[in-house]
Amino acid sequence: MNQSKFPTEVTLCLSGGAARGAYQLGAISVLQEHNVKIKAISGTSIGALIGAALGCQKSADEIFDVISSKEFKSVFKPSFGKGYFFRLDDSAKVIDKLIDRASFEELSIPLTLCVCDVKDESAKYYNSGVDFKKLVLASCSIAPLFKPVELYGRTFVDGGVVDNFPVEQLQRYDYPIIGINLHPKYRKTPSSVFGWLKKNIHTAWQSQYYRKSNLCDIYLCNEELNNVKIFSFKDLQKAYGLGKKDMHNIMQEV
């Protein structure tokens with residue numbers, strides 16, 4: 001990438017990270033303010049949902065308004081005693097405010113999303129077909145929090161289990177890649193069993209992120225995201241503002 005000028009056309013790799021996705025929206029809003037065209041997107045989990053909404057020609061601000069609304073909580077339907085706590089309701093009207101296209105082919109921006117095939121324990125990547133909305137929600141279905149999605153005779157869960165940063169899917173495009181990762185290094189020494197489990201997961205992921213970050217022309221991942229709760233709506237504005245600030249700084253540096 002020519003470092004003397006910020007690119008006017010880019011591709012985006014968007015990791016999973018639940019509520020921290022607001023950070024991605026803050027960064028993308030700056031790209032949109034400066035008329036930077038997004039030519040393709042790859043994403044997992046919340047990154048897949050944001051990518052789908054962008055492909056449906058929603059602005060970052062519009063997406064943020066929807067996911068931070070009380071109405072958005074209607075997507076999560078309690079479903080206790082079945083091996084998971086909630087199911088994602090693809091018929092919820094608020095989802096139509098984000099995804100109003102019936103297939104990948106109708107998107108204004110090519111999207112590749114990642115899901116995890118439970119039986120094969122492998123990543124599956126989709127960028128075509130009419131099961132668009134179901135595949136987006138499958139990519140967001142973190143087990144055992146959310147019910148897996150049954151499709152094509154397979155059982156799918158959150159793609160972040162196997163590939164939380166599918167940047168390789170963008171290498172076929174001849175545009176600079178901007179990667180936005182929502183999982184910085186977790187440097188705290190744990191003091192509980194849950195803390196150690198969290199630390200171990202982060203440690204396992206980090207070697208993958210280091211390799212994948214080198215495939216990006218621009219890479220955003222702020223350690224302050226460790227202070228943003230993944231499964232809480234309370235920190236959305238904080239994450240959004242942080243993403244905005246980081247992208248502004250990068251554009252100024254370039």
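All values reported here derive from a predicted model rather than from experimental measurement.
A heavy-atom distance below 4.5 Å is found between the side chains of Phe85 and Leu145. Residues Lys185 and Tyr210 form no side-chain contact, since every pair of their non-hydrogen atoms from C-beta on lies 4.5 Å or further apart. You'll find the side chain of Phe86 reaches within 4.5 Å of the side chain of Phe146, heavy atoms only. Proximity of Asn35 to Thr8: side-chain heavy atoms (C-beta onward) are nowhere separated by under 4.5 Å.
Of the possible donor and acceptor atoms, none in the side chain of Ser141 sits under 3.5 Å from a partner among the backbone N and O of Leu88. Put simply, the side chain of His34 never gets that close to the backbone of His248: no donor and acceptor are under 3.5 Å apart. No donor-acceptor distance shorter than 3.5 angstrom exists from the side chain of Asp90 to the backbone of Lys134, with no hydrogens or angles considered. Checked by atom type and distance alone, the side chain of Thr112 never pairs as donor or acceptor with a backbone atom of Asn127 at under 3.5 Å. Under a 3.5 Å cut-off, the side chain of Gln24 and the backbone N or O of Ile180 do form a donor-acceptor pair. Panel note: side chain Gln169, backbone Tyr125; no donor-acceptor pair is recorded below 3.5 Å. Between the side chain of Ser29 and the backbone N or O of Ala60 there is no donor-acceptor pair closer than 3.5 Å. Here the side chain of Gln237 pairs no donor or acceptor atom with the backbone of Ala22 at under 3.5 angstrom. One N or O on the side chain of Lys212 and one on the backbone of Phe165 form a donor-acceptor pair closer than 3.5 Å. Proximity of a side-chain donor or acceptor of Arg20 to a complementary backbone N or O of Val228 within less than 3.5 Å is detected.
Side-chain contact, Asn164 with Tyr209: a donor N or O sits under 3.5 Å from an acceptor N or O. A side-chain donor from one of Tyr152 and Asp131 sits under 3.5 Å from a side-chain acceptor of the other. In summary, the side chains of Tyr240 and Asp61 do present a donor paired with an acceptor at a separation below 3.5 Å, with no hydrogens or angles considered. Side-chain contact check for Asn226 and Tyr186: no donor-acceptor pair (N or O, by modelled atom type) lies under 3.5 Å.
Residues Phe156 and Val130 fall into different hydrophobic clusters, defined by Ile, Leu, Val, Met, Phe, Trp and Tyr side chains chained together at heavy-atom separations under 4.5 Å. In the hydrophobic clustering of ILVMFWY residues, with side-chain heavy atoms under 4.5 Å counting as a link, Leu242 and Ile178 come out together. Linking ILVMFWY side-chain heavy atoms closer than 4.5 Å, directly or via other members, places Val162 and Leu49 in two distinct hydrophobic clusters. Side-chain heavy atoms closer than 4.5 Å link hydrophobic residues (I, L, V, M, F, W, Y) into clusters, and following such links, even through other members, never connects Ile230 to Val157. Cluster annotation: Val149 is not connected to Val118 through the hydrophobic network of ILVMFWY side chains, with a link wherever side-chain heavy atoms come within less than 4.5 Å.
Residue Ile63 comes nearest to Ile50 through the heavy atom pair CD1-O, 4.1 Å, listed as atom of the first residue, atom of the second, then distance. Tyr219 and Asn181 make their closest contact through OH-ND2, 2.9 Å (heavy atoms, listed as atom of the first residue, atom of the second, distance). Across every non-hydrogen atom of Cys140 and Ile46, the tightest pair is SG-N, 4.2 Å. Among all heavy-atom pairs drawn from Ser42 and Pro166, the shortest one is OG-O, 3.0 Å. The minimum heavy-atom distance between Glu106 and Arg101, with the atom names listed, is O-NH1, 2.7 Å. The minimum heavy-atom distance linking Ser45 with Ser139 is given by the pair N-OG, 2.8 Å.
The line from NZ of Lys245 to CD of Glu224 is 4.5 Å long, rounded to the nearest 0.5 Å. Atom CG of Leu215 is separated from atom CG of Leu170 by 10.0 Å, given to the nearest 0.5 angstrom. Atoms CG and CG, from Leu220 and Leu182 in turn, are 10.0 Å apart once rounded to the nearest 0.5 Å. The distance from the CG atom of Asp163 to the SG atom of Cys114 is 5.0 Å, given to the nearest 0.5 Å. Atoms CG and NZ, from Leu113 and Lys124 in turn, are 13.5 Å apart once rounded to the nearest 0.5 Å. Atom NZ of Lys39 is separated from atom CD of Glu9 by 4.5 Å, given to the nearest 0.5 angstrom.
Under the 4.0 Å criterion applied to side-chain N and carboxylate O atoms, Asp65 and Lys58 are not assigned as salt-bridge partners. Salt bridge annotation for Lys133-Asp96: present, with a cationic side-chain nitrogen under 4.0 angstrom from a carboxylate oxygen. Salt-bridge annotation for Arg154 and Asp117: present, with a side-chain N of the basic residue lying under 4.0 Å from a carboxylate O of the acidic one.
Residues passing the ring-ring contact (aromatic ring centres under 6.0 Å, His included) test with Phe104 are Phe132, sequence neighbours excluded.
No more than 12 heavy atoms of other residues, nucleotides or ligands sit less than 6.0 Å from atom NZ of Lys97. For Asn214, the CG atom sits in a packed shell: over 12 heavy atoms of surrounding residues, nucleotides or ligands are nearer than 6.0 Å.
Taking the centre and axis of the six-membered ring of Phe233, the NZ or CZ atom of Lys73 falls inside the cone set by 45° and 6.0 Å.
Considering Ile28, Leu98, Leu107 as possible partners of Leu54, the one that fulfils the side chain to side chain contact (heavy atoms under 4.5 Å, CB included) test is Ile28. Partner of Tyr23 under the side chain to side chain donor-acceptor pair (under 3.5 Å) criterion, out of Asp235, Asp246, Asn222: Asp246 alone.
Taking the ring centroids of Phe76 and Phe231, they lie at or beyond the 6.0 Å cut-off.
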For the pair Glu105 and Ser128, evaluate side-chain contact (heavy atoms from CB on, under 4.5 Å) and give the outcome as yes or no after the intermediate values.
CA-CA 6 Å; Glu105 287 76 12; Ser128 64; 3.0 Å; yes
